[in-house]
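Got a structure for you, written out below as structure tokens; questions coming shortly.
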Amino acid sequence: MSTVTKQNHIGRKISRIRELKDMKQEALAQALGTSQQAVSAIENSETIEEERLEEVAKALGVTVEAIKNFSEESMISYFNTFNDNSTANGLVNNANHCTFNPLDKLMESVEENKKLYERLLQAEKDKIEYLEKLLQQK
């Protein structure tokens, strides 16, 4: 008995894609208009009919070719490219480079807050003064 899994087990590929999309069997079943048990049977099948594969692909939001060509290795390789900090053509990736000094921006906002506080304080003092005048007139 071989412990190596077959590379072209369509059901396992469907299952893995569904899991990567954070979709439960019940949700896929609902999208296909079938039961969770039917989805389980599909995922345990080594092959499925082309028409059914097209329905599953549509429900998963992928192409039939994506299911047929799916592999864990290519998926891992694909996601690793998002964190690749290597240089391209000798240029360093500057995606996170700031064009301003964050500390300067922080100090600007602190100054703006001080001015706002002073205006609010003055408005409250003016209000108190006005109310005191009203009380003295009575």
To the nearest 0.5 Å, what is the distance between OG (S35) and CD (Q30)? 12.5 Å
Between T63 (side chain only) and A66 (backbone N and O only), is there a donor and an acceptor less than 3.5 Å apart? yes
Please report the shortest heavy-atom distance between A57 and V64, naming the atom on each side. CB-N, 3.8 Å
For K13 and N8, does a side-chain donor sit closer than 3.5 Å to a side-chain acceptor?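 On atom types as modelled, these side chains qualify, holding a pair under 3.5 Å.
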Pair R12 + E46: basic N to acidic O under 4.0 Å: no
Step through the shown structure and confirm whether more than 12 heavy atoms of other residues, nucleotides or ligands are within 6.0 Å of CG on D126.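 Above 12, so yes.
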Taking the side chain as everything from C-beta on, heavy atoms only, tell me whether T34 gets closer than 4.5 Å to R52.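 Contact flag for T34/R52 side chains = yes.
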Side-chain H-bond candidate by donor/acceptor type, Q36 with E26, under 3.5 Å: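 Absent: no donor and acceptor within the cut-off.
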From I128 CD1 over to K133 NZ, what is the distance, rounded to the nearest 0.5 angstrom?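 Output value for this atom pair is 13.5 Å.
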Which distance, rounded to the nearest 0.5 Å, do you find between the OG of S45 and the CG of L53?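 Output value for this atom pair is 11.5 Å.
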Taking only residues at least two apart or on different chains, which pairs with a member in residues 110-119 satisfy side chain to side chain donor-acceptor pair (under 3.5 Å)?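 Passing the test, one end in residues 110-119: no pairs.
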Would you compute the distance between atom OG of S15 and atom CD1 of I42 and round it to the nearest 0.5 angstrom? 11.5 Å
Side chains of L135 and Y130: does their closest heavy-atom pair fall under 4.5 Å? no
Quick check for you: to the nearest 0.5 Å, what is the distance between Q122 atom CD and K127 atom NZ? 12.5 Å
Does K68 pair with E50 as a salt bridge, N-O distance under 4.0 Å? yes
Interatomic distance, E19 atom CD to I14 atom CD1 [nearest 0.5 angstrom]: 12.0 Å
Which atom pair, heavy atoms only, marks the closest approach of L60 to K21? O-CE, 2.8 Å
Any I10 side-chain heavy atom under 4.5 Å of V56 side chain: no
Between E129 and K125, is any pair of side-chain heavy atoms under 4.5 Å apart?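 No, every pair of side-chain atoms sits at 4.5 Å or beyond.
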Do E43 and R18 have side-chain heavy atoms sitting under 4.5 Å apart?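 SC-SC contact between E43 and R18 confirmed.
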Mind running side-chain contact (heavy atoms from CB on, under 4.5 Å) on M23 and I17 for me, showing each step along the way? CA-CA 9 Å; M23 181 185 275; I17 291 170; over 6 Å; no
